[in-house]
Amino acid sequence: SSPCDRPVPPTAGLSHDKWEIHPMELMLMEELGSGQFGVVRRGKWRGSIDTAVKMMKEGTMSEDDFIEEAKVMTKLQHPNLVQLYGVCSKHRPIYIVTEYMKHGSLLNYLRRHENTLIGNMGLLLDMCIQVSKGMAYLERHNYIHRDLAARNCLVGSENVVKVADFGLARYVLDDQYTSSGGTKFPIKWAPPEVLNYTRFSSKSDVWAYGVLMWEIFTCGKMPYGRLKNTEVVERVQRGIILEKPKSCAKEIYDVMKKCWSHGPEERPSFRVLKEQLALVAQSLT
Ligand SMILES: CN1CCN(C(=O)c2ccc(Nc3nc(-c4cccc(NC(=O)c5ccc(C(C)(C)C)cc5)c4)cn4ccnc34)cc2)CC1
């Protein structure tokens, strides 16, 4: 009988919680660092797969909501997104298991390699293009990052750059991070509509992407230098934008400026950004 005749047993797909990783299959190795969530360690999954394991400090995130969302996140797959392999949610702290990126955060990579990167506009532009591809994929899937920045991108072998921790911001419990008045809120990557109404969208990700481009072309400088958050909010609302980085071609700065259009609808989509940057890359070769 053809499959459509046979009733599907109600347990189909539930038994293999493919987003659930058995801790016995994970071998934890050296610490990679710690974020506001707790410790992140390198791991081996099923003996051979390199992973990064976030061990979520209790009380830092709404775990049940995240575990539910993880089922969706594991389905988001793209060469420029850090792949979520799954979660270990049957114990505390829960573990978030992703693919491993051996060169760490893009921000640290830019700062560490400033001398070799600063003159290599082609490589810096390629990093921007890689991020725009990952973000265009998220945009196509109506998935908003909410904290796109060089610190939340990672570098792997052969200068591959991937976007990490997309959507994770929604599960952070620390309201110093979640409320726009909080000390940990990423003010310098936020557009006017987020500063005023915390209205997140793929177009607010595009604003943050413009700041990320600025971080890449300054090899990891802090946007707006040492200005206080209140001073940055005031400038952004008055339409004052970041200056052109020294080693950045005018055509590239023109793209950044479009990302910082005051109204979200005036900003290009990631689909358009990706195409515009590919044209700029062609014109520079
Ligand atoms: C030669 N260098 C030596 C030093 N070095 C390293 O030690 C190093 C090497 C590889 C690293 N890789 C990874 N590191 C991490 C990592 C490490 C520390 C902290 C974090 N991030 C977090 O814990 C974190 C991320 C996002 C968030 C928000 C607020 C957005 C929700 C909160 C917390 C990630 C995650 N990864 C996912 C895939 N690969 C990695 C990290 C560091 C880099 C290479």
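First listed ligand is number 1; within each ligand, the first listed atom is number 1.
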NZ/Lys188: more than 12 non-hydrogen atoms of other groups inside 6.0 Å: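 Yes, because the 6.0 Å sphere around NZ of Lys188 holds more than 12 heavy atoms from other groups.
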Within-shell test, Arg112 vs ligand 1, heavy atom, strictly < 4.0 Å: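 Contact present.
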Heavy atom of Glu99, distance to ligand 1 below 4.0 Å: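 A heavy atom of Glu99 does come that close to ligand 1.
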Atom 31 (C) of ligand 1 within contact range, any protein heavy atom under 4.0 Å: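 True for atom 31 (C) of ligand 1.
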Closer than 4.0 Å: a protein non-hydrogen atom to atom 3 (C) of ligand 1: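 Protein heavy atom within 4.0 Å of atom 3 (C) of ligand 1: absent.
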So does [X] pair up with [Y], basic N to acidic O under 4.0 Å?
{"X": "Glu63", "Y": "Lys57", "value": "no"}
{"X": "Arg170", "Y": "Glu69", "value": "yes"}
{"X": "Asp254", "Y": "Lys258", "value": "no"}
{"X": "Glu231", "Y": "Arg235", "value": "no"}
{"X": "Lys44", "Y": "Glu25", "value": "no"}
{"X": "Glu31", "Y": "Arg41", "value": "no"}

Quick one: nearest non-hydrogen protein atom to [atom], plus distance?
{"atom": "atom 21 (N) of ligand 1", "result": "Lys54 CE, 4.2 Å"}
{"atom": "atom 25 (C) of ligand 1", "result": "Asp165 OD2, 3.2 Å"}
{"atom": "atom 23 (O) of ligand 1", "result": "Gly35 CA, 3.4 Å"}
{"atom": "atom 42 (C) of ligand 1", "result": "Leu32 O, 3.6 Å"}
{"atom": "atom 16 (C) of ligand 1", "result": "Val40 CG1, 3.8 Å"}
{"atom": "atom 33 (C) of ligand 1", "result": "Phe37 CD1, 3.6 Å"}

His103: numbered ligand 1 atoms lying under 4.0 Å from its heavy atoms: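 Once the distances to His103 are compared, the set is 43 (C).
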Should one rank [options] by closest heavy-atom distance to [atom], which comes out on top?
{"atom": "atom 9 (C) of ligand 1", "options": "Lys102, Met56, Lys57, Arg151", "result": "Lys102"}
{"atom": "atom 28 (C) of ligand 1", "options": "Phe166, Tyr171, Tyr177", "result": "Tyr177"}
{"atom": "atom 8 (C) of ligand 1", "options": "Gly167, Gly104, Ala149", "result": "Gly104"}

Ring centers of Phe270, Tyr209 separated by less than 6.0 Å: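 Yes; Tyr209 has its ring centre under 6.0 Å from that of Phe270.
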Donor-acceptor pair, side chain of His113 and main chain of Asn115, under 3.5 angstrom: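 No; judged by distance alone, with no hydrogens or angles, the pair does not exist.
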Nitrogen or oxygen of Met101 less than 3.5 angstrom from that of ligand 1: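 Yes: some nitrogen or oxygen of Met101 is under 3.5 Å from one in ligand 1.
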